[in-house]
Amino acid sequence: MDLLKAFFAGFLSTMLFHQGVLFALNRAGATAMAAWNMAGVAPLGIPAVVSIAFFGGLWGIVLWALIRGFKGTRYWVSALVLGAVLPTLVALLIVFPLKHLEFAAGWDPKIWIGALIVNGVWGLGVALLMRAFTRAVPA
């Protein structure tokens with residue numbers, strides 16, 4: 001059941017936190033990437049934001065496996081740091097080349113910093129949602 005909750009937390013965190021911060025960065029002129037992109041992506045033609053949220057759900061399972069035993073400040077800092085670093089490294093160093101995009105986004109600091117910010121906030125969102133989902137429900 002925790003795996004399903006973690007997937008859902010990662011999915012929701014992508015839609016709310018990740019895309020919300022991306023929207024704010026776009027509005028501030030810090031990125032050209034649009035939030036909540038509804039353009040279809042191959043091979044199924046589903047909206048890009050749904051594809052991203054699906055992978056956010058998978059990453060939510062990974063993040064939860066890494067932080068679930070932590071308490072207090074360690075829980076929140078780990079969610080922020082691991083959420084920022086792990087998906088960013090995989091996206092820029094592995095996914096970009098697989099999609100025939102420039103390796104590591106050409107080491108552009110603006111892209112790296114933006115990715116670390118949106119993914120770090122995503123990690124905090126996962127931690128927050130998992131806290132809400134795993135609280136004991138009174139009888």
Side-chain angles (χ1 to χ4, degrees):
M1 190 60 143
D2 267 0
L3 291 179
L4 186 58
K5 288 178 187 178
F7 178 86
F8 193 55
F11 189 97
L12 276 179
S13 185
T14 302
M15 292 298 234
L16 301 172
F17 298 98
H18 181 280
Q19 293 295 292
V21 170
L22 184 59
F23 177 79
L25 290 173
N26 179 280
R27 286 298 199 183
T31 184
M33 286 188 62
W36 299 292
N37 182 354
M38 296 302 288
V41 294
L44 303 175
I46 63 170
V49 69
V50 175
S51 176
I52 293 167
F54 172 78
F55 285 101
L58 296 178
W59 272 110
I61 294 169
V62 172
L63 183 61
W64 181 242
L66 295 171
I67 68 169
R68 69 178 170 225
F70 297 159
K71 305 281 185 233
T73 303
R74 185 173 182 202
Y75 176 79
W76 299 105
V77 171
S78 295
L80 172 68
V81 172
L82 293 172
V85 173
L86 297 179
T88 299
L89 289 176
V90 170
L92 296 177
L93 302 179
I94 297 171
V95 175
F96 269 44
L98 288 174
K99 291 186 171 188
H100 305 288
L101 299 171
E102 191 173 12
F103 178 76
W107 300 102
D108 183 343
K110 187 174 178 182
I111 293 173
W112 277 84
I113 291 168
L116 290 167
I117 290 169
V118 297
N119 289 331
V121 171
W122 167 85
L124 287 175
V126 170
L128 179 69
L129 291 167
M130 284 306 291
R131 281 287 161 110
F133 294 163
T134 57
R135 291 197 186 261
V137 179

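If you're wondering where the values come from, they're calculated on a predicted model, not measured in any experiment. The figures here come from the full heavy-atom set of this structure, side chains too, leaving out hydrogens, waters and symmetry mates.
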Inset, instruction - Could I get the full list of ring pair (Phe, Tyr, Trp, His ring centres under 6.0 Å) partners for Phe133, not counting sequence neighbours? - result: Phe8
Legend entry - ILVMFWY cluster, Leu12 and Leu80 together (side-chain gap under 4.5 Å): yes
Legend entry - Side-chain donor/acceptor of Trp36 to backbone N/O of Gly20, under 3.5 Å: no
Inset, instruction - Group every Ile, Leu, Val, Met, Phe, Trp and Tyr by side-chain heavy-atom contacts under 4.5 Å, then state whether Leu124 and Phe23 land in the same group. - result: no
Inset, instruction - Only counting residues at least two apart or in another chain, list the ones meeting side-chain contact (heavy atoms from CB on, under 4.5 Å) with Pro47. - result: Met38, Val49, Val50
Legend entry - Same apolar cluster: Val118 and Met15, side chain cutoff 4.5 Å: no
N/O donor-acceptor pairs under 3.5 Å from side chains in residues 88-117, not counting sequence neighbours:
unit_1 : atom_1 : unit_2 : atom_2 : d
Thr88  : OG1    : Ala84  : O      : 2.6
Thr88  : OG1    : Ala115 : O      : 3.4
Thr88  : OG1    : Asn119 : ND2    : 2.8
Asp108 : OD1    : Lys110 : N      : 2.9
Trp112 : NE1    : Ala104 : O      : 2.9

Result block: side-chain N/O donor-acceptor pairs under 3.5 angstrom for residues 51-73, not counting sequence neighbours:
none

Inset, instruction - Starting at CG of Leu129, measure out to NZ of Lys5 and round the result to the nearest 0.5 Å. - result: 12.5 Å
Inset, instruction - Taking side-chain contact (heavy atoms from CB on, under 4.5 Å) as the test, write out the residues that go with Leu128, two or more places apart. - result: Phe17, Trp76
Inset, instruction - Considering non-hydrogen atoms only, spot the tightest contact between Met33 and Thr31 and give its length. - result: N-OG1, 3.2 Å
Legend entry - Heavy-atom closest pair, residues Met130 and Asp2: CE-O, 4.2 Å
Legend entry - Those residues that, when tested against Ala30, pass side-chain contact (heavy atoms from CB on, under 4.5 Å) (two or more places apart): Leu25
